[in-house]
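Treat the numbers as computed from the prediction; the structure is a model and nothing was measured. Naming: A, B, ... by sequence-line order, numbering from 1 per chain.
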Number of protein chains: 2
Amino acid sequence: MATEPKTATSAWALVWDIFQSDKKRRWGLLAELGLTPVQGMALSSLDADDPPTMSHLGGQIMCDSSTLTGVVDRLEALGYVERRPAPNDRRARCVALTDKGRALQAELRARMSPPPPQLEHLTADEAAQLHDLLATAIARHATGA
Amino acid sequence: MATEPKTATSAWALVWDIFQSDKKRRWGLLAELGLTPVQGMALSSLDADDPPTMSHLGGQIMCDSSTLTGVVDRLEALGYVERRPAPNDRRARCVALTDKGRALQAELRARMSPPPPQLEHLTADEAAQLHDLLATAIARHATGA
DNA sequence: TATTGTTATACTCTATAACTATA
DNA sequence: TATAGTTATAGAGTATAACAATA
């Protein structure tokens, strides 16, 4: 296009480009740990101090309850999580990390946290600006401002 | 954490949060159009003027050749693409959009392009700053600067 | 009656290995 | 020999419907 728009829409398109170009690295990391993408999402979203119920976890990772049954079955077979009765509802079951699962979660988070190479090319000031803009957007959205 | 870091890493974590919170909308859009996530990626990455070969398309959307065979089979059965012989290599086949596929691609791109609600809360100036920072990062990475 | 989770079923995605046709 | 694409096979993700236990 002749004139660059520079709107929220065009900025989002750039975010997409960066996300897409980083996909190979992320998938490779998961594969090295022997996890599928959904297993990685489930594992990294588990709160060690507050094990969610199946339905709560399903809501977090946008996963059907019948799908989640299979996913958690496999994570349990791998020894990363275990199902426990829920305290307040005898129908529900909580998904709790095992020690092995906690260790893998830490490893996963550590390896996933580095930004893609594009963002490494920003100066410290520029990175702080980027952080502030995003934090501002999120905060305004949260407060409905 | 007590002190906010404001680095490229923390900025990337915020991008993740926004991406995650927008997932439901994106998946819903695809479902409304009767497409799976991979089908959506394939369709939206096809260049109408320059149909890629199977292997080129597979590289773009990070998809194994045998997986892609099935994906393209289904897109072809739905009438969105058609396989054509490649001009220079009698082994290869190009994946070309049909008229129906071009229309769906336009619809898909139009519906996917709006930014998530968080970014709508930025002013025009802030959005332009965000665009510039991301464009700078991408440009420096591309030129190895 | 409604909700939580599982099972049954069917389809899609995914990768590995073997294969055909072409380079 | 190497590469492009398909097929066969097996496992994992996905959703719908039916179901049992509990709220």
Rounding to a whole Å, what distance do you find between [X]:[atom1] and [N]:[atom2]?
X: Arg84(A); N: dG5(C); atom1: CZ; atom2: C1'; result: 18 Å
X: Asp64(B); N: dG5(D); atom1: CG; atom2: P; result: 12 Å
X: Glu82(B); N: dG5(D); atom1: CD; atom2: P; result: 16 Å
X: Leu75(B); N: dT12(C); atom1: CG; atom2: P; result: 11 Å
X: Arg74(A); N: dA10(D); atom1: CZ; atom2: P; result: 17 Å
X: Asn88(A); N: dT3(C); atom1: CG; atom2: C1'; result: 15 Å
X: Leu35(A); N: dA15(C); atom1: CG; atom2: C1'; result: 16 Å
X: Met54(B); N: dG5(D); atom1: CE; atom2: C1'; result: 7 Å

Quiz prompt | Check: Asp64(A)/Ser66(A) side-chain N/O donor and acceptor closer than 3.5 Å | solution =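 Yes, because at least one side-chain N or O of Asp64(A) sits under 3.5 Å from a partner of the opposite role on Ser66(A).
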Exercise. Verify the distance criterion only: is there a donor paired with an acceptor across the side chains of Gln118(B) and Ser21(B) at less than 3.5 Å?
Key: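 Yes.
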Quiz item: Between dG5(D), dA12(D), dT6(C), which one does the side chain of Ser55(B) approach most closely?
Solution: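 Of all the options, the side chain of Ser55(B) is nearest to dG5(D).
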Quiz prompt | Heavy-atom closest contact (Thr67(B) atom, Cys63(B) atom, distance) | solution =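 Scanning both residues, the minimum pair turns out to be CG2-SG, 3.5 Å.
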Quiz item: Can you find a donor-acceptor N/O pair under 3.5 angstrom joining the side chain of Arg91(A) to the base of dT3(C)?
Solution: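 Counting by modelled atom types and ignoring angles, a donor-acceptor contact under 3.5 Å is found here.
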Quiz item: Checking only heavy atoms, does the side chain of Ser66(B) share a donor-acceptor pair with the base of dA15(C) at less than 3.5 Å?
Solution: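 Yes.
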Exercise. Look at the aromatic rings of Phe19(B) and Trp12(A) and report parallel, tilted or perpendicular, splitting at 30° and 60°.
Key: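 Because their plane-to-plane angle lies in the 30° to 60° range, the rings of Phe19(B) and Trp12(A) count as tilted.
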Below the 4.0 Å mark, does [N] have OP1 or OP2 next to a side-chain nitrogen or oxygen of [X]?
X: Thr67(B); N: dA15(C); answer: yes
X: Arg93(A); N: dT6(C); answer: yes
X: Arg90(A); N: dG5(C); answer: no
X: Thr69(A); N: dG5(C); answer: no

Quiz prompt | Given DNA chain D, 5'-ward residue of the pair Gly70(A) and Leu68(B), judged by closest heavy atom | solution =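 Looking at the nearest nucleotide for each, Leu68(B) comes out on the 5' side.
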Quiz item: For Thr36(B), which contact category applies under a 4.0 Å heavy-atom criterion: base, sugar-phosphate, or nothing?
Solution: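 If one applies the 4.0 Å heavy-atom cut-off, Thr36(B) turns out to touch the sugar-phosphate alone, with no base involved.
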Self-check item: Ion pair Glu126(B)/Arg140(A), N-O distance below 4.0 Å
Solution: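 Looking at Arg140(A) together with Glu126(B), the answer is yes, because their closest N to O distance falls below 4.0 Å.
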